[in-house]
Structure formats: C-alpha cells, structure tokens
Number of protein chains: 4
Amino acid sequence: MAEKLSFCVNIESPIAVYVQIENQVQFAIASGRLKPGDTLPSVREMSGMLNINPNTVTKAYRDLELLQLVHTRRGVGVTVADKAPKICKDTTVAMVKLHLIDAVAECMASGLNTNEVRKVVSETIDAKTAPYQPAKRK
Amino acid sequence: MAEKLSFCVNIESPIAVYVQIENQVQFAIASGRLKPGDTLPSVREMSGMLNINPNTVTKAYRDLELLQLVHTRRGVGVTVADKAPKICKDTTVAMVKLHLIDAVAECMASGLNTNEVRKVVSETIDAKTAPYQPAKRK
Amino acid sequence: MAEKLSFCVNIESPIAVYVQIENQVQFAIASGRLKPGDTLPSVREMSGMLNINPNTVTKAYRDLELLQLVHTRRGVGVTVADKAPKICKDTTVAMVKLHLIDAVAECMASGLNTNEVRKVVSETIDAKTAPYQPAKRK
Amino acid sequence: MAEKLSFCVNIESPIAVYVQIENQVQFAIASGRLKPGDTLPSVREMSGMLNINPNTVTKAYRDLELLQLVHTRRGVGVTVADKAPKICKDTTVAMVKLHLIDAVAECMASGLNTNEVRKVVSETIDAKTAPYQPAKRK
DNA sequence: GTGGTCTAGACCACT
DNA sequence: GTGGTCTAGACCACG
C-alpha cells in the first residue's frame, strides 16, 4: 500500500485538470512510486485534497482504466493494475522523450545558443528531485 | 521579401492549429528567417498550402497583429513589423526555455536516467539545423 | 458521408446509455454502415435525437476516441478513424461471439432442450435484418 | 443434500458478483442439480470458496429468499423451497431465451455471417455438458 | 456552428 | 464507505 502520495494540480494551466491527474498517476507508476496493487486515493479523498469536483477525478480514473493502468471496483476502490508499470514505461518514457526532443528543437529553431540550452538542462536536472509539478505550458 | 518559408501544421495535435502557425512565425522572426518588412504568405495562399480553413490563418495573423509582430494593410498584405525581432527575442526565448524546463522536469518525474536525458538533448541538438517542425506533444 | 444512421437507446436497460451508444457505433463500423471518414451525428444532434443529455453522448464519443475508433476535432466534429474497421472487426466479432457462446451455455445450463435452442436462434436470424436494438439484458 | 456443487464468480465482470451467484443458483435449480430441501453452502463457506466478501453472499441469498426460491432458517441454513423448481423454470427459461435472442441479434448487427452464427451455436451445444460457467460479458 | 471542461447535485449499485 | 451514471447548466476553444 502506498504510504505518501502527493498530487497537485494547477487550475490556471491550459492543460485540463483531469489530464494533469492522469499524467501524475502515470509518472508515479513509471517511476515506481505507485506499484501494482496499490490503491489510489478515493475519488472523494482526491477531490477534497485537490479542492476540485469529484467528477473531474472520476473522469481521470476512468481514462486510466481504459488505458488498463488501474482496476476500478465499486465499493472497493481503484487499484494499480499488474501490467501498469510495463505499459507506463513503454509509453510514458517515449512520451517524455518526445516532449524533450520537441522542446530542444524549439530552442534551436528560435535561435537559442547551444551552450545555453545545455545550461538550462543541467540546472533543471539539479533542481528536480522534488515530485512532479504540472507544467504551465502555453 | 522572404524567399523560402516552409510552414507545416499537425492537424492531429492537441495544440490548436492557429497557435502552431503563430509559433512558427514567431520562431522565424526570432531566428532571423523573417525580417522586418518581409511579407507573410497571404491568407488564401497559406490556407491552401496547409490545407486548412482560411479562418484559422486569419485568426493567427490577427493574434500576431495584436502582439504587434506584423502589420496588416488592405491590398498590401501582412508584413513583419520593425520592432518584431526585439519583441520575439524577449518573449520567445523565455517561452522556449520554460518548455525546456518543463520537459526536463517531466523526464525526471517519470524516472528517466540523468545520462539518458543529456544524451537525448545532445542528439537533438546535433540533428536540428533544419527548420522547426511543429511539436506532436500530448 | 453516411446518409442514414438510426440510433436508439433503452433508458430502462441496466446497460449504461453511453455504453449502448458506443456499442451501436462499433457495430455500425464493424458491419460497414459507418466507414472511415464518415462523420458521426454531432453531440447536440445525437442528444436531441435520443432525448438524452449531451454530456452522455460526449462520454460515449470520448471513449470511442480513446479506443482509437474515431477522431474528434473541435469545431469540426467526430469522424470515423481509418483503422476503425480493422479494430472493430478484431474486437467486436470476438465479443459478440463470446456473448453468443455465453448465451447458449446459459441455455444448456438451465436445462433447455437443444432443439428449442436452435429454433430460437433460427427465428432470431430470420427476424433480424432490422438495425440493432439495444439489449434489455438483466 | 446436494453432493457436488461448484460455483464460481468472475470478479472482473461488470455483472455484479451477487447477481452471478443468484443466477448460478437459479440455473442449478432449473436444471435439477439443486432440488427442494437441498441445503446451499453456508454464507461463510461460500464466501471462503469464492474468496469474496460474506456480505455479497448474504445479499444473494436474501434476494433468492425474496424470490421465494429458498428458505433461510437460523441454525439450520438456507434450503431450496418446494416450489422453487417451478418458479425457476418459468422465469429462468424466459430469461435465458431473451439473452440468446439478444446475443444472436448482436451477431447480426455486427455483420456476422449467418452460417458462422449457427456454427458457433452448434459447437457450444456440443461442448456444454459441463456445469454453468458465469459469463464474461462486456 | 462544432466539441471540451468543469461544477453541482441527485440517485443508484456494490462491499 | 466505495465508484457509476446521469442531468442541468455554465463557460471556453476552435473553425
């Protein structure tokens, strides 16, 4: 059973709240913070924690179920599926790499200096040991 | 007059088509491929080239006008503003840096190895001398 | 473009309305009544036709999108994906066969006469050339 | 006293577990495997056998009592009612026929070949002499 | 005109 | 106590 799980959403973000939740769960599974059999916070618990509507959480959990990352059982709760880690590693890693490639390509296309790109990368790597913070992308 | 300008959009992308156009114009200005006085493709030309609705192009050009990056004059077309390069460098660089930071943070959150992150960055830097390709971000 | 598409739901059924919609779309694709590129009725149109809440239709369409059976584009509509027929045939046929096997097994388990089973099957085959009517299963 | 009664439930099924139990008891009565006066497994025994919550078994037995198919007596257990076979045959046969009709209709709606339908039916009839296995219906 | 997102709240089903 | 479904209605984004 997972002990400490912190989730957060940025309600200002153009990224839909339910997508932010889905991503954080996927990242938690991919990084091993959530393991097969672990129970996610209940819909009511999560919605209270994030101060959002329960339906929004429900939507996220349903999507995760369709992706076969979790199992939902009425009266029981939502648990991480056995094959979730594999699926997550297969897809999540590919996705974040793509994002990284896109971001670097953007930097190059906008004329940024190569050294500056590397410097930003290094600084971010050093800073990020903390849990995932949802992006504020435009 | 700009000689060769290639634009492309990914209609499947969750990023709005008109935003993709705006970004590409901004990048072109920031990197010097578009200079003050250059004329953008006409709405009709651009929409035909990209096979999209003319309204979408119009919306992008309107936004660029609001950002004071271009001037629209009836019977003449849409031309790059004198102060556009300065504005673009100020804002575009900040934006792409943010994207880069987000992307690296994502990689860390999903448990990617630090060395792997640096490797992807290096490879992308080496590969990207070509014009900007719109992201396929999820 | 699909000309005539009749959909219907049974609001009394224990099967969720949005699932009934999903099934009917899948069946329509599997049987060729809906082809790649065809546009589904708009959310508002469908909800009016079936006299249900638009959100219910939205839910069904989102699921179909996650199953990669349709493409949704804001301002455009929902269209059948190119690979939808293949996916549908692969999964839908397997599903309905399973249902049939289950139903026959049920009949046997409840002591029904073999001849009677065949008779019911034949009668239903003869009767069913009409469009799919959602089940009233208990 | 019934000698050998095998029950099984599919916890993944969208059909409620207690409904699966009810159906199996009904089928057992309809087919004569359970006769008036026979004792059902105790709640504790059944819940242990199926590895489910005792409350779920209790609910199933309570429903069967409401249907007048069984009698529950403290200190004695749950026994099949005298009139159970008649009731079961009247209702169960109607129900399974309906399911069969639905399943065949589904096959037709999804474009399945008529001959294939008959083939699946025949194969299932030949195969099914074994006790009822709960459906995995979607 | 499309669909997307979120809220609020009701009622149901299951354990 | 869990989650599931549906409704009603608001506001936004896109073409």
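Because only heavy atoms are used, hydrogens play no part in the values below, and waters and symmetry mates are left out as well, while side chains stay in. Order of the sequence lines sets the chain letters (A, B, ...), proteins ahead of strands, with each chain counted from 1.
Rounded to whole Å, the distance from CD on E65(A) to C1' on dT2(F) is 14 Å. At whole-Å resolution of the value, NE2 in H71(A) and P in dT15(E) are 16 Å apart. Atom CG in L50(A) sits about 11 Å away from atom P in dT7(E), given to the nearest Å. Look at CD on E45(C): it is 8 Å from P on dT2(E), rounded to the nearest Å. Atoms OH (Y61(A)) and C1' (dT2(F)) sit 12 Å apart, rounded to a whole Å. Residue D63(C) contributes atom CG, which lies 15 Å from atom C1' of dG3(E) at whole-angstrom precision. Going from atom CD1 of I11(A) over to atom C1' of dG4(E) covers 16 Å, rounded to whole Å. At whole-Å resolution of the value, CG in L64(A) and C1' in dG3(F) are 14 Å apart.
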Contact string for nucleotides 10-15 of chain F, one letter per nucleotide 5' to 3', B = base within protein heavy-atom range under 4.0 Å, S = sugar-phosphate only, - = neither, reads ---BBS
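Applying the side chain to side chain donor-acceptor pair (under 3.5 Å) test to T72(A) and every residue at least two apart in sequence or in another chain returns E65(A). The side chain to side chain contact (heavy atoms under 4.5 Å, CB included) test applied to A28(C) returns R33(C), L34(C), not counting sequence neighbours. Residues forming a side chain to side chain contact (heavy atoms under 4.5 Å, CB included) with I11(D) (at least two apart in sequence, or on another chain): R73(A). Legend: residues meeting side chain to side chain contact (heavy atoms under 4.5 Å, CB included) with A60(D), ordered by chain and number and at least two apart, are Y18(D), I21(D), E22(D). Qualifying side chain to side chain contact (heavy atoms under 4.5 Å, CB included) partners for K83(C), counting only residues two or more places apart in sequence or in other chains: Q68(C), I87(C). Residues meeting the salt bridge (Lys or Arg N to Asp or Glu O under 4.0 Å) test with K86(C), sequence neighbours left out: D90(C).
Between I52(C) and S42(A), the residue anchored closer to the 5' end of DNA chain F is S42(A), taking for each the nucleotide with the nearest heavy atom.
S13(D) approaches Q20(D) most closely through the heavy-atom pair CB-NE2, 3.5 Å.
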Listing, residues 43-54 of chain B side-chain donor-acceptor contacts under 3.5 Å, not counting sequence neighbours, or none:
unit_1	atom_1	unit_2	atom_2	d
E45(B)	OE1	S42(B)	N	3.3
S47(B)	OG	V43(B)	O	3.1
S47(B)	OG	R44(B)	O	3.0
N53(B)	OD1	N55(B)	N	2.8

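Remark: DNA chain E forms stems of 3 or more consecutive Watson-Crick or G-U wobble pairs, all pair distances under 3.5 Å, at E:1-14 with F:1-14.
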